[in-house]
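As structure tokens, the structure follows; a few thoughts come after it.
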Number of protein chains: 2
Amino acid sequence: MRAKKEIGEDATEPSDAGPLNGLDADSRQDPLFVNSLGKGLAVLQAFGSDWDALGLREIAQRTGLNTSAAQRFTHTLTQLGFLRKDERTRRYRLGPRMLNFAYSYLRANPLYDVAIPIVISVRDEWQETVNVSVLDDTDAVVAIRMPSQRRINSNTAIGRRMPAYCVSTGRAVLAWLPPEQRKAVLDRTDFVRLTPRTTIDRATLEACLDQVRIDGFAMVEEEADLGEMAVAAPIFDGERKPIAALGITTSTAYWTMEDAREKLGPIVMQAATAISRSLQGWHAF
Amino acid sequence: MRAKKEIGEDATEPSDAGPLNGLDADSRQDPLFVNSLGKGLAVLQAFGSDWDALGLREIAQRTGLNTSAAQRFTHTLTQLGFLRKDERTRRYRLGPRMLNFAYSYLRANPLYDVAIPIVISVRDEWQETVNVSVLDDTDAVVAIRMPSQRRINSNTAIGRRMPAYCVSTGRAVLAWLPPEQRKAVLDRTDFVRLTPRTTIDRATLEACLDQVRIDGFAMVEEEADLGEMAVAAPIFDGERKPIAALGITTSTAYWTMEDAREKLGPIVMQAATAISRSLQGWHAF
DNA sequence: ACAGCTTTATCGTAATGCGATAGCTTTGTA
DNA sequence: TACAAAGCTATCGCATTACGATAAAGCTGT
């Protein structure tokens, strides 16, 4: 009975195998993969943006775990302080300890220290929302965000993930990726039309990225959120790898494309360049 | 009973069964606690604020795991995208996915949406660093931070944790906790002298908290960081439980205590009150 | 090139997590 | 108020899963 189902090798086994219905595709044939850890993290990720707390049953449903497993994992996470439990309603919420991870990430990354003062001064000078996003595979993830007074899109916060192809910061990084990497990322990308103006045609996008390289910065108008436009320029690490981008997000109500191109383009380029300069000697991966 | 037999009906098993009794040794008393999850999260938390990536051996050392375990957990976390591995140096770093957790936490909490516009307007009007911290047991954890231009303490970022007793936001919350809760928290607190001016005497602190209640806000000067002073007022949930505080942090070079008390005190009180007002109907736990 | 150290791969073992189930608490409805 | 339904908690035997020792393979530096 040991056997461990080595894929198609179990002629001796009485044809059971089948309905093990492993919930996680990755669990099956990777002997180094610790399933319990994956499940536990899945529980944490089950907490979406809902304002109400989750009951055990709902957590189980969202993660695909059975009640017993959900019970064990919520219990463990509560003990460790990552979840909080309302003893009265018996529901769970994420605890402030979840912020620890962001802190560790930001502090362990020179990008944060270097970019913060620059982001702030650009924001204050132009009174527009400024952010720095890093590329994570096919997504652009907001790492720093300083909202302006007039346009506070509060559904954006640190950690927000958007498909790179349709946001300015994402495109700024994509444009400077080595060709084969750009191709690889776009191959993995799932092109979805987020607004009527989203570019979902691969060829169009590639042409756009080429133009971005010529311009030195990326511009996007209403391709991710209606009413928003953004301008972004790439940030490079010490090996000239594009790892992030600094972007200004504003409203189509305040700027025309032409104005933005003319005025904000040079601003983001300069700011991003200043950050890259301070990142000499840093190797990201 | 005996379910689980759907898979591979093996009656052949001689039912020897191991005596799993006894032998608890030092294993955890808690049968619901999933050790693997705890260890995996310990690995994530092993990444401190160092800028250099960690090798397997160092991770093992920091977490107290042996090499094999560290290997499994780093592997798993890398697969899941939480760690990144430099294939050349074979070292690990936290990946941007770590920011997901912060995003979920912030978005799932009405405090964030409500506080952001207020924090921004206070910051812009006074040109001082404004933040909102939530109480997590004995710690105050920064949840929102808008640094001013003139004082950018970049070693503070979202998620920074400070002992509640020595920071203004922490004291503002402690002061309004119900007496028995305040006592319980302080009982658990480890009083450490962070600067020469830190209050570490319990009685002095309690008197200070009582005064905070009278004043309506907390003031702290150089008790956590030299050269810094801060003023903070409590934020309440719908059940009038103090859950967080809004604070202004500034430099002793710009303000005297008297000026700050007179001018900033009312500001933070008003801002915090406005936030609390919008939090009616919200029950935190 | 060799020695020392770190990382990767392998594998037998038993401890750990699994999941069914029964008892208990809360919520909803008449 | 009582009853039913749903959700949560506690328990337990079993086998799957994680454990950790070890050997092989890669680096690093003298």
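Residue numbers begin at 1 in each chain, while the letters A, B, ... track the order of the sequences.
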(message) Before you tell me yes or no, could you show the steps for B:Arg84 and A:Asp136 under salt bridge (charged side-chain N to carboxylate O under 4.0 Å, His left out), namely the whole-Å CA-CA distance, both residues' side-chain angles and the distance that decides it to 0.1 Å?
(response) CA-CA 10 Å; B:Arg84 280 188 179 181; A:Asp136 190 21; 3.0 Å; yes
(message) Looking at A:Arg93 and A:Asp86, is any side-chain nitrogen of the basic one under 4.0 Å from a carboxylate oxygen of the acidic one?
(response) no
(message) Using heavy-atom distances to pick each residue's nearest nucleotide on DNA chain C, tell me which of A:Phe73 and A:Arg90 is more 5'.
(response) A:Phe73
(request) For the side chain of B:Thr67, starting at C-beta, report the closest nucleotide among C:dT7, D:dG7, C:dC18. (result) C:dT7
(request) Determine: side-chain N/O of B:Arg57 to OP1/OP2 of C:dT6, distance under 4.0 Å, yes or no. (result) yes
(message) With nearest nucleotide decided by heavy atoms, which residue, A:Lys85 or A:Val34, maps closer to the 5′ end of DNA chain D?
(response) A:Lys85
(message) Measuring from the side chain of A:Lys39 (C-beta onward, heavy atoms only), which nucleotide among C:dC18, D:dG26, D:dT9 has the closest atom?
(response) C:dC18
(message) Without decimals, in angstroms, what is the distance between A:Glu58 CD and D:dA6 P?
(response) 16 Å
(request) Output yes when at least one side-chain N/O atom of A:Asn35 is less than 4.0 Å from OP1 or OP2 of D:dA18, else no. (result) yes
(request) Could you state the atom-to-atom distance from CD of B:Glu87 to C1' of D:dC27 in whole Å? (result) 14 Å
(request) Assign each of A:Leu37 and A:Gly55 to its nearest nucleotide of DNA chain D by heavy atoms, then name whichever residue's nucleotide is nearer the 5' end. (result) A:Gly55
(request) Please step through salt bridge (charged side-chain N to carboxylate O under 4.0 Å, His left out) for the pair B:Arg62 and B:Asp50, ending with a clear verdict. (result) CA-CA 13 Å; B:Arg62 293 192 183 195; B:Asp50 318 296; 3.0 Å; yes
Considering only nitrogen or oxygen atoms on both sides, find all protein atoms under 3.5 Å from nucleotides 27-29 of chain C and state each distance.
none

(message) How many whole angstroms separate atom CG of A:Asp86 from atom P of C:dT25?
(response) 18 Å
(message) Out of the candidates B:Phe82, B:Tyr105, B:Phe101, B:Tyr103, only one should pair with A:Phe101 under the ring-ring contact (aromatic ring centres under 6.0 Å, His included) rule; please name it.
(response) B:Phe101
Kindly give the atom pairs (protein nitrogen or oxygen, nucleotide nitrogen or oxygen) under 3.5 Å for nucleotides 10-12 of chain D.
residue, atom, partner, partner atom, Å
D:dA10, N7, A:Gln71, NE2, 2.9

(message) Using every non-hydrogen atom in the two residues, find where A:Thr76 and B:Val34 come nearest and quote the distance to one decimal.
(response) OG1-N, 2.8 Å
(request) Using atom types as modelled and distance alone, determine if a side-chain donor or acceptor of A:Arg97 lies under 3.5 Å from a backbone N or O of A:Leu80. (result) yes
(message) Tell me the interatomic distance from A:Leu65, atom CG, to C:dG19, atom P, rounded to whole angstroms.
(response) 8 Å
(message) Are B:Arg107 and A:Arg160 packed together at the side-chain level, in the sense that at least one heavy-atom pair is separated by less than 4.5 angstrom?
(response) no
(request) Just compare C:dT26, C:dG17, C:dT8 and give me whichever is closest to any side-chain atom of B:Ser36. (result) C:dG17
(message) Within the structure provided, determine whether B:His283 and B:Phe285 are in side-chain contact (heavy-atom separation under 4.5 Å).
(response) yes
(message) Looking at B:Ala175, is its backbone amide N or carbonyl O close enough to the side chain of B:Arg182 to form a donor-acceptor pair, meaning the two atoms are under 3.5 Å apart?
(response) yes
(request) Give the rounded distance in Å between these two atoms: CZ of B:Phe33 and C1' of C:dA15. (result) 16 Å
(request) Report the distance from atom CD1 of A:Ile59 to atom C1' of D:dT9, rounded to the nearest whole Å. (result) 14 Å
(message) Does a side-chain N or O of B:Asn66 approach OP1 or OP2 of D:dG20 to a distance below 4.0 Å, or not?
(response) yes
(request) Could you check how far CG of B:Leu56 sits from C1' of D:dG20, rounded to whole Å? (result) 13 Å
(message) Under a 3.5 Å distance rule, please check whether B:Asp237 uses its side chain to pair with a backbone N or O of B:Ala284 as donor and acceptor.
(response) yes
